[in-house]
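See structure below.
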Amino acid sequence: MVLRLYNTLTRAKEEFVPLDTSRVRMYVCGPTVYDFAHIGNARPVIVFDVLFRLLRHLYGEAHVEYVRNVTDIDDKINARAQERRGSRAILDAVRELTAETGRIYHEDVAALGCLPPTHEPRATEFVPGMIALIERLVAGGHAYESEGHVLFDVSSNPDYGKLAHRTLDEMIAGARVEIAPYKRGPMDFVLWKPSDETLPGWPSPWGRGRPGWHTECSAMSEALLGETFDIHGGGIDLVFPHHENEIAQSESAHAGRALARVWLHNGFLNAEGEKMSKSLGNFVTIRELLADWPGDVLRLNMLRTHYRQPIDWTVRGMNESWTILERWYEGAEPVASRRMGEPFLDALLDDLNTPQAIAELHRAEPEELAGGLVLLGFSPDPGRIAARPPIPVEEIAHDIEARNSVRKARNFQEADRIREDLATKGILLEDNPDGTTSWEVKR
RNA sequence: GGCCACGUGGCGGAGUGGUGACGCAGCGGUCUGCAAAACCGCGUACCCCGGUUCAAUUCCGGGCGUGGCCUCCA
């Protein structure tokens with residue numbers, strides 16, 4: 001049983017060997033809490049939840065540590081809080097916004113069947129560690145102060161670009177943005193920036209200010225997982241600059257010792273063939289989807305595509321996922337079973353090939369089906385994906401009764417009329433072999 | 001402009017140097033008053049052009065197309 005993972009750092013599938021099998025460590029970049037999470041944000045959460053579950057299966061539940069941070073220091077948060085602060089202090093508005101958004105996020109992600117991570121650090125709890133990290137970088141000649149900012153000197157890190165697989169020259173050649181006057185090098189990035197009285201800020205050797213985004217993850221991962229850990233994950237758009245910069249600052253602060261050994265990145269998600277964006281109006285939140293679809297359906301729909309491939313998120317696809325899940329949940333043995341098929345597990349071990357694993361589930365015996373579903377984070381219980389209860393159940397029962405009595409009288413014309421009538425309301429009748437009639441919602 | 005992915009049947013989606021994964025839809029059958037569900041059966045797909053090879057969808061080169069990153073972004 002060998003787990004192989006595609007490492008962005010080497011661009012190859014590698015055998016996964018933890019530094020310490022009694023403490024397997026994974027860090028995944030979590031949400032910036034200023035707005036509802038959209039379905040694209042759900043992809044890494046679900047993908048890395050599956051990996052978390054697989055690692056727990058392989059190494060034992062007590063031996064896997066999963067950290068997913070919450071970014072609650074950010075200029076988008078400040079801007080949003082400013083809009084809705086009213087007469088309150090900005091800090092109160094920020095606190096309220098991040099607390100509320102964080103709560104919604106947790107509800108959404110739980111509905112998608114994701115386990116809580118082992119640790120969920122918030123940036124505001126780790127500011128002293130960030131300052132200490134920056135001080136180390138300044139002392140080591142990797143960072144400099146300029147106009148109240150502290151910047152990372154990219155030229156001090158010969159490895160810079162190793163994750164993105166791009167040289168400094170290539171990046172500078174492709175730069176499309178004006179270079180801030182306080183930067184020495186065009187690719188230098190901010191570790192610390194000044195805050196005026198209207199913004200959240202913390203005292204520091206460089207005055208009252210706040211950390212840059214990349215700094216948060218470096219400080220929190222070090223505090224909770226140590227200098228070097230096993231897996232660092234996130235969306236593919238984070239490869240550059242976020243993860244590249246995390247590597248640069250962490251490894252510069254740690255005498256070149258690796259930040260993470262394996263870097264994993266999930267692909268992007270499009271909606272109905274188009275990039276999801278607010279301007280196109282196809283920006284769909286997890287919350288909105290959960291109003292119309294069971295969380296398990298969204299989860300399966302996500303897992304039917306390999307995590308590194310792009311997904312085209314469509315209503316058609318979700319309907320298909322729902323159909324599959326209904327059949328599975330009816331056929332799966334009660335959840336007590338934890339047995340799973342070898343081909344199923346082999347598929348997951350091969351760089352988390354969930355589409356292949358799902359194909360194996362279609363071939364599996366009921367007990368193995370249940371075991372596989374549980375490992376993937378599903379709850380094989382028909383009630384969990386039962387039709388929502390919008391339906392006038394009593395009225396339907398009454399109609400069915402009426403229909404069955406005319407059927408007994410062999411008045412099939414009237415029986416079919418009742419069936420048609422219900423069908424126009426989206427209710428599909430099924431006459432079972434034992435003489436009973438059941439119904440379901442037609443989609 | 002620079003860097004990087006991807007292009008498989010009606011649709012979704014794995015995979016492989018040589019017998020058409022798997023699912024959804026569709027069609028045929030069993031069953032049924034008729035349906036539905038369930039079960040059984042049915043499909044000669046790999047963007048184009050070259051090259052390597054006994055053999056390429058799979059490897060190499062070129063082309064076309066789609067998408068991503070280079071700026072906040074999962």
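To find a chain, count down the sequence lines: A is the first, B the second, and so on, and within it residues start at 1.
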A/I236 atom CD1 is separated from B/rC70 atom C1', nearest whole Å, by 13 Å

Is the cationic atom of A/R68 (NZ for Lys, CZ for Arg) positioned less than 6.0 Å from the six-membered ring centroid of A/F48 and within 45 degrees of its normal?
no

Under 4.0 Å from OP1 or OP2 of B/rG13: is there any side-chain N or O of A/T305 that close?
yes

When rounded to the nearest Å, what value does the distance between C1' atoms of B/rG23 and B/rG43 take?
14 Å

Between A/F240 and A/E360, who's closer to the 5' end of RNA chain B by nearest nucleotide?
A/E360

Side-chain donor-acceptor pair present, A/S321, A/N301, cut-off under 3.5 Å:
yes

Contact class for A/L361 (heavy atom, under 4.0 Å): base, sugar-phosphate, or nothing?
nothing

Using atom P in both nucleotides, what's the gap between B/rG12 and B/rU53 to the nearest angstrom?
37 Å

Verify the contact: side-chain N or O of A/W322 to OP1 or OP2 of B/rC24, cut-off strictly under 4.0 Å; return yes or no.
no

Under 4.0 Å, heavy atoms only, any strand: does A/Q309 hit a base, just the sugar-phosphate, or nothing?
sugar-phosphate

Minimum-distance nucleotide to A/P355 side chain [options: B/rC3, B/rA14, B/rA74]
B/rA14

If we take the C1' atom in both B/rG13 and B/rG17, what is their distance in whole Å?
22 Å

In this structure, how many angstroms lie between the C1' atom of B/rA35 and the CG atom of A/N404, rounded?
14 Å

For B/rG15, does OP1 or OP2 lie under 4.0 Å from any side-chain N or O of A/N353?
yes

For B/rC47 versus B/rU8, give the span between their C1' atoms, rounded off to a whole number of Å.
10 Å

Taking the P atom of each, how far is B/rU30 from B/rU66, in whole Å?
49 Å

Less than 3.5 Å between a donor and an acceptor, one on the side chain of A/E320 and one on the base of B/rG23, is that the case here?
yes

Once you round it to whole Å, what is the distance between P of B/rG68 and CZ of A/R43?
14 Å

Tell me: CD of A/Q356 to P of B/rA14, nearest whole Å?
10 Å

Give A/R363 one of three labels, base, sugar-phosphate or nothing, depending on what nucleic acid heavy atoms sit under 4.0 Å from its own.
sugar-phosphate

Scan every strand shown for a Watson-Crick or G-U wobble partner of B/rG67, both distances under 3.5 Å, and answer none if you come up empty.
B/rC4

Watson-Crick or G-U wobble partner for B/rG43, using a 3.5 Å limit on both distances?
none

Determine whether the aromatic ring of A/F268 stacks with the base of B/rG68, defined as ring centroids separated by less than 5.5 Å and ring planes inclined by less than 30°.
no

Taking the same atom, P, in B/rA36 and in B/rG29, what whole-Å distance lies between them?
12 Å

Test item: side-chain donor near acceptor, A/E14 and A/T10, under 3.5 Å:
yes

Could you state the atom-to-atom distance from CG of A/L269 to P of B/rG67 in whole Å?
15 Å

Starting from the 5' end of RNA chain B, give me the residue, A/L238 or A/I324, whose nearest nucleotide shows up first.
A/I324

Below 30° counts as parallel, above 60° as perpendicular, anything between as tilted: where do the rings of A/H362 and A/W328 land?
tilted

If you check every side-chain atom of A/P44, which of B/rA74, B/rC70, B/rG33 has the closest atom?
B/rA74

What nucleic acid atoms does A/G317 come within less than 4.0 Å of, heavy atoms only: base, sugar-phosphate, or nothing?
nothing

Between NE2 of A/H306 and P of B/rG23 the distance, given in whole Å, is 21 Å

Looking at A/R304 and B/rG23, is any side-chain donor or acceptor paired with a base atom of the opposite kind under 3.5 Å?
no

Could you work out the separation of B/rU57 and B/rC69 based on their C1' atoms and round it to a whole Å?
29 Å

Regarding A/R11, tell me which of base, sugar-phosphate or nothing describes its non-hydrogen contacts under 4.0 Å with the strands shown.
sugar-phosphate

Let's test this: given Watson-Crick or G-U wobble pairing with both distances under 3.5 Å, identify the partner of B/rU53.
none

Give a yes-or-no answer on whether the side chains of A/E216 and A/T71 include a donor-acceptor pair shorter than 3.5 Å.
yes

Quick one: is A/R327 getting a side-chain N or O under 4.0 Å of the B/rA38 phosphate, OP1 or OP2?
yes

Could you tell me whether A/H242 contacts a base, only the sugar-phosphate backbone, or nothing, with contacts defined as non-hydrogen atoms closer than 4.0 Å?
nothing

Watson-Crick or G-U wobble partner of B/rG12, both distances under 3.5 Å:
B/rC22

Whole Å only: how far is the CZ atom of A/R403 from the P atom of B/rA36?
13 Å

For the side chain of A/R407, starting at C-beta, report the closest nucleotide among B/rG33, B/rC69, B/rG23.
B/rG33

So A/F52 and A/Y66, would you call those rings parallel, tilted or perpendicular, with 30° and 60° as cut-offs?
tilted

Whether A/H232 and A/W263 hold their rings parallel, tilted or perpendicular, with breakpoints at 30° and 60°
parallel

dist A/I77:CD1 -> A/I73:CD1 (nearest 0.5 Å) comes out at 8.0 Å

How far does the C1' atom of B/rA38 sit from the matching atom of B/rC31, given to the nearest Å?
9 Å

Closest to the A/T32 side chain: B/rA74, B/rC34, B/rC24?
B/rA74

Separation of atom CG in A/D350 from atom C1' in B/rA21, rounded to whole Å:
14 Å

